[in-house]
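A short worksheet on the structure shown next.
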Amino acid sequence: MAVDAVRILAQHIASATAGAGEVVQGVATRLLGDLVAQRLRSRGNEREWQDFTRDPRNNSLVEYLLRQAVEEDEDFRLALADAVRGAKSERPAGTSVRSISIGRDGDAQIGDRGDTYGDHNRVVSGGGSFYEGDVTQHRDGDTYEGDVTHHSPVGRYVVIALVVLALILIVFKAVPAVLGDGGDGLSASSTCQEFLKTDQGTEAQALVDIATSKGLGGFGSPLALPAIRYECSFHPTESLGSVIEQYKGQF
């Protein structure tokens, strides 16, 4: 796992060096770089990380430190595994140019998003996300532990979509009940003749739905359906709703 992480980062850094500081890099690869840089920095190994970014061939010490971190920290191992898996499967679209730069003050910018690290915080000014605070660990590509403020437009869009979907479902369930619709298109205004033409399962459901819409209970009783069918057989043109109201409180 540590070997894969170092190999992926070394490839991108080497490409950046060959291309005058530019490299095509996707979100997952940037997150992998962020995770490794943050881990090394938090353990006092910032110099080793800087040496690696200046010359990715000088990777043995970084690889050793990552191996050690994976063995000692289960949470970091899981986070690194997720990041490596994401970077491996990533295929950056288009020809967008990204860069990696390390300042003399130890701050790191990975990608052209304006990602910067200070002593205790990280600010991302592009790429659609913003993280601020004492970021300690990264897991599952979108979850941070520590004092973190996270604003993600994608997350907001998902929440909005779920709310809209919930409202649509509520409307589809509420409107038939308000209008008194029963099964198979039966409603309070349906005639007894129409009611008797449907199967018994549909009739039973229609009774319950229409009675509920009128605030009447008890029509789920096994006695309700035979009684309403009997009444409707003598009054085929009467509305189903009026027949149901006649039996109010009898079941």
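To the nearest 0.5 Å, the span separating CD on Glu203 from CG on Leu186 amounts to 8.0 Å. To the nearest 0.5 angstrom, Gln50 atom CD is 12.5 Å from Asn58 atom CG. With values rounded to the nearest 0.5 angstrom, Leu61 atom CG is found 12.5 Å from Trp49 atom CH2. To the nearest 0.5 angstrom, Leu167 atom CG is 11.0 Å from Leu162 atom CG. The CG atom of Leu207 sits 10.0 Å away from the CZ atom of Arg229 when rounded to the nearest 0.5 Å. Remark: Leu32 CG to Asp4 CG distance equals 10.0 Å, nearest 0.5 Å.
Considering only heavy atoms from C-beta on, Glu238 comes within 4.5 Å of Gln246 through its side chain. Side chains of Val3 and Glu63 form a contact here, defined as non-hydrogen atoms less than 4.5 Å apart. You'll find the side chain of Glu48 reaches within 4.5 Å of the side chain of Leu65, heavy atoms only. You'll find the side chain of Leu40 stays beyond 4.5 Å of the side chain of Glu46, heavy atoms only. Contact of the Leu9 side chain with the Thr53 side chain is not registered, since no non-hydrogen atoms from C-beta on lie closer than 4.5 Å. The side-chain heavy atoms of Asp55 and Ile13, taken from C-beta on, include no pair separated by under 4.5 Å. No side-chain heavy atom of Lys248 sits under 4.5 Å from any side-chain heavy atom of Glu245. Using a 4.5 Å heavy-atom cutoff, the side chains of Arg7 and Lys88 are in contact.
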*Please test Val243 against Cys192 for side chain to side chain contact (heavy atoms under 4.5 Å, CB included), starting from the C-alpha separation and ending with a verdict.*
CA-CA 8 Å; Val243 174; Cys192 279; 3.6 Å; yes
*Mind running side chain to side chain contact (heavy atoms under 4.5 Å, CB included) on Arg39 and Asp73 for me, showing each step along the way?*
CA-CA 11 Å; Arg39 175 71 187 197; Asp73 190 334; 2.9 Å; yes
_Run Phe219 and Ile228 through side chain to side chain contact (heavy atoms under 4.5 Å, CB included) and show every step you take._
CA-CA 10 Å; Phe219 282 81; Ile228 300 300; 4.3 Å; yes
*Evaluate the side chain to side chain contact (heavy atoms under 4.5 Å, CB included) criterion for residues Phe195 and Ser190: first the C-alpha distance (whole Å), next the side-chain angles of each, then the deciding distance (0.1 Å), finally the verdict.*
CA-CA 7 Å; Phe195 172 71; Ser190 298; 5.8 Å; no
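For the pair Leu66 and Ala2, the tightest heavy-atom approach, listed with the atom from each and the gap, is CB-CB, 3.7 Å. Closest approach of Cys232 and Leu240 over heavy atoms only: SG-CD1, 4.3 Å. Minimum interatomic distance between Gly218 and Ala224 (heavy atoms only, all atoms of both residues): O-CB, 4.4 Å. The two residues Ala87 and Thr29 make their nearest non-hydrogen contact at CB-OG1, 3.9 Å. Summarising the geometry of Ser89 relative to Gly86, their closest heavy-atom pair is OG-O, 3.1 Å, with the distance given to 0.1 Å. Considering every non-hydrogen atom in both Ala188 and Ser239, the closest pair reads O-CB, 3.6 Å.
Residues Val208 and Leu216 do not share a hydrophobic cluster, defined by chaining ILVMFWY side chains whose heavy atoms lie under 4.5 Å apart. Val62 and Met1 fall within a single hydrophobic cluster, where Ile, Leu, Val, Met, Phe, Trp and Tyr are joined by side-chain heavy atoms under 4.5 Å apart, directly or via other members.
When atom types are taken as modelled, the side chain of Gln38 and the backbone of Leu35 share no donor-acceptor pair closer than 3.5 angstrom. Checked by atom type and distance alone, the side chain of Thr202 never pairs as donor or acceptor with a backbone atom of Thr198 at under 3.5 Å.
Evaluation of the ring pair (Phe, Tyr, Trp, His ring centres under 6.0 Å) rule for Tyr247 yields Phe251 as partners, not counting sequence neighbours.
A salt bridge does not link Glu194 to Lys197: none of the charged side-chain nitrogens sits closer than 4.0 Å to a carboxylate oxygen.
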